[in-house]
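Below, all heavy atoms of this structure are taken into account, side chains as well, without hydrogens, waters or symmetry copies. Computed from a prediction, not measured in an experiment: that's the story for all the values here. Along the sequence shown, residues are numbered consecutively beginning with 1.
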Amino acid sequence: MVAVTIWNEFRHEREDDAVAAVYPDGIHATLADALATDHEVRTATLDEPEHGLTDEVLASTDVLVWWGHDAHEAVDDAVVDRVQERVLEGMGFVPLHSSHYSKPFKRLMGTTCSLQYREDGGTERLWVVDPGHPIADGLDEAIELPTTEMYGEPFDVPEPDRLVFVSWFEGGEVFRSGCCYRRGKGRIFYFRPGHETYPIYEHEAVQRVLRNAVAWAAPTDGSPRTFGERTG
């Protein structure tokens, strides 16, 4: 089984009654429930020592799922260094929603990762634009989320290696909502849905995407690579 660590700020759920009503045990708990049937899951949160991401935890993590929003700057740079190093070594990384602004994602992308947004509770239609990709396995041609926050282009990220989803919103905006990258030996999948005041992570199709994404991002052996001076 793939070893998954789910990281969450776990601030909103303890400080905002509206968020606690949707995710009373924390977003990480809902994500853990969605993934636990197929994977070996642990959780970690911002206020734990070393944010719960010690060398030992990361060394035993195949895929790191990340949810952050208001406390990106509270993440210690030493932990960001560890996450980056593990991704380059082969650990999968799945940042969700507002984690586009997380320190690890920005570090790995090398850009601002900025975008447009509007919290209006409108409808989102998440179109599958790469139906042959493993992350789209078992999905219909689109996922409809009746109440969500809008993210719109421009999205300041590098061109994805593969683009699995494009979102359309009621205001006419579109957004690249499922972006695949490789950094070093590690696979990265950015997935847009997931505002904290809407029960998006309880949506069956969204949970299917998350399970597929973890399976896709898990390390693979591949062929060996060597660096440095070659003799002979």
Side-chain angles (χ1 to χ4, degrees), residues 1-14 19-20 22-69 71 75 79-80 82-87 89-100 102-105 108 133-139 143 164 178 180-181 183 185-196 198-221:
M1 297 179 75
V2 176
V4 182
T5 298
I6 299 169
W7 191 88
N8 178 22
E9 285 179 3
F10 197 35
R11 292 277 181 87
H12 286 304
E13 302 95 322
R14 293 180 293 151
V19 180
V22 178
Y23 295 108
D25 298 317
I27 289 172
H28 55 296
T30 299
L31 295 172
D33 287 344
L35 295 172
T37 56
D38 301 298
H39 308 292
E40 178 185 322
V41 177
R42 68 158 67 94
T43 62
T45 58
L46 177 66
D47 293 327
E48 295 177 39
E50 301 182 67
H51 311 321
L53 299 176
T54 63
D55 285 324
E56 293 76 17
V57 167
L58 288 174
S60 61
T61 297
D62 294 321
V63 179
L64 176 61
V65 178
W66 191 283
W67 197 97
H69 187 203
V75 177
V79 173
V80 179
R82 284 180 209 155
V83 171
Q84 180 189 25
E85 181 178 359
R86 282 289 293 124
V87 172
E89 292 172 348
M91 181 183 74
F93 184 50
V94 181
L96 304 174
H97 190 58
S98 47
S99 299
H100 66 90
S102 67
K103 284 185 176 181
F105 187 61
L108 289 159
H133 196 282
I135 293 176
D137 184 55
L139 300 176
I143 300 170
V164 184
C180 299
Y181 300 94
R183 293 293 184 268
K185 294 176 67 177
R187 291 176 171 180
I188 301 168
F189 178 65
Y190 170 75
F191 188 48
R192 193 216 74 85
H195 190 68
E196 67 276 1
Y198 308 122
I200 289 169
Y201 294 130
E202 296 177 0
H203 193 289
E204 182 178 352
V206 169
Q207 292 187 357
R208 179 63 180 259
V209 172
L210 295 173
R211 289 192 293 270
N212 290 348
V214 165
W216 172 81
T220 56
D221 292 335

Polar side-chain atom of R11 near backbone of A71 as donor-acceptor pair, under 3.5 Å: no

Hey, can you tell me if H195 and Y198 have their rings parallel, tilted or perpendicular (30° and 60° cut-offs)? tilted

Is the H69 ring parallel, tilted or perpendicular to the H12 ring (thresholds 30°, 60°)? tilted

Looking at OG1 of T45 and CD of E13, how far apart are the two atoms once the value is rounded to the nearest 0.5 Å? 9.5 Å

In plain terms, say whether E89 and R86 are close enough for a salt bridge, that is, a side-chain N and a carboxylate O under 4.0 Å apart. yes

Is any side-chain heavy atom of W67 closer than 4.5 Å to a side-chain heavy atom of H28? no

Once rounded to the nearest 0.5 Å, what's the spacing between atom CG of L210 and atom CG of L31? 6.5 Å

Within the 4.5 Å heavy-atom criterion, are V209 and I135 side-chain neighbours or not? yes

CA sep, side-chain torsions, deciding dist, call: L108, Y181, side-chain contact (heavy atoms from CB on, under 4.5 Å): CA-CA 10 Å; L108 289 159; Y181 300 94; over 6 Å; no

Measure the shortest side-chain to side-chain distance between W7 and L53 over non-hydrogen atoms and say whether it is less than 4.5 angstrom. yes

Report yes or no: does S60 contribute a side-chain atom to a donor-acceptor pair with the main-chain N or O of E56 at less than 3.5 Å? yes

Any W66 side-chain heavy atom under 4.5 Å of F105 side chain: no

Answer yes or no: are there more than 12 heavy-atom neighbours, outside E202 itself, under 6.0 Å from its atom CD? yes

Which pair of non-hydrogen atoms, one from D55 and one from R82, has the smallest distance, and what is that distance? OD1-CD, 3.2 Å

Would you say N212's side chain and D137's backbone share a donor-acceptor pair under 3.5 angstrom? yes

Step by step, work out the side-chain contact (heavy atoms from CB on, under 4.5 Å) result for T37 and Q207. CA-CA 11 Å; T37 56; Q207 292 187 357; over 6 Å; no

Can any side-chain N or O of R187 pair as donor or acceptor with the backbone N or O of W216 at less than 3.5 Å? yes

Got a second to check how far F10's CZ is from I27's CD1, nearest 0.5 Å? 10.0 Å

Rounding to 0.5 Å, atoms CD1 (I188) and CZ (F93) come to a distance of 7.0 Å

To the nearest 0.5 Å, atom CG of L96 lies from atom CZ of F189 at 9.0 Å

Do any N or O atoms from the side chain of S99 and from the backbone of G68 form a donor-acceptor pair under 3.5 angstrom? yes

Quick one: does any side-chain atom of H97 pair with a main-chain N or O of R192 as donor and acceptor, under 3.5 Å? yes

Using every non-hydrogen atom in the two residues, find where L139 and A205 come nearest and quote the distance to one decimal. CD2-O, 3.9 Å

Nearest heavy-atom contact between A44 and T5 is CB-CG2, 4.3 Å

What one should report as the nearest heavy-atom pair of C180 and V164 is SG-CG2, 3.8 Å

Taking the inter-plane angle between the rings of Y201 and Y23 on a 0 to 90° scale, is it parallel (under 30°), tilted (30 to 60°) or perpendicular (over 60°)? tilted

Quick check: do M91 and V83 have side-chain heavy atoms less than 4.5 Å from each other? yes

Side-chain contact, heavy-atom cut-off 4.5 Å: V41 with I6? yes

From V214, L35, T61, residue fulfilling side chain to side chain contact (heavy atoms under 4.5 Å, CB included) relative to V2: V214

Distance in Å, K103 NZ paired with Q84 CD, rounded so as to fall on 0.5 Å steps: 13.0 Å

Heavy-atom side-chain contact between P193 and H203 under 4.5 Å: no

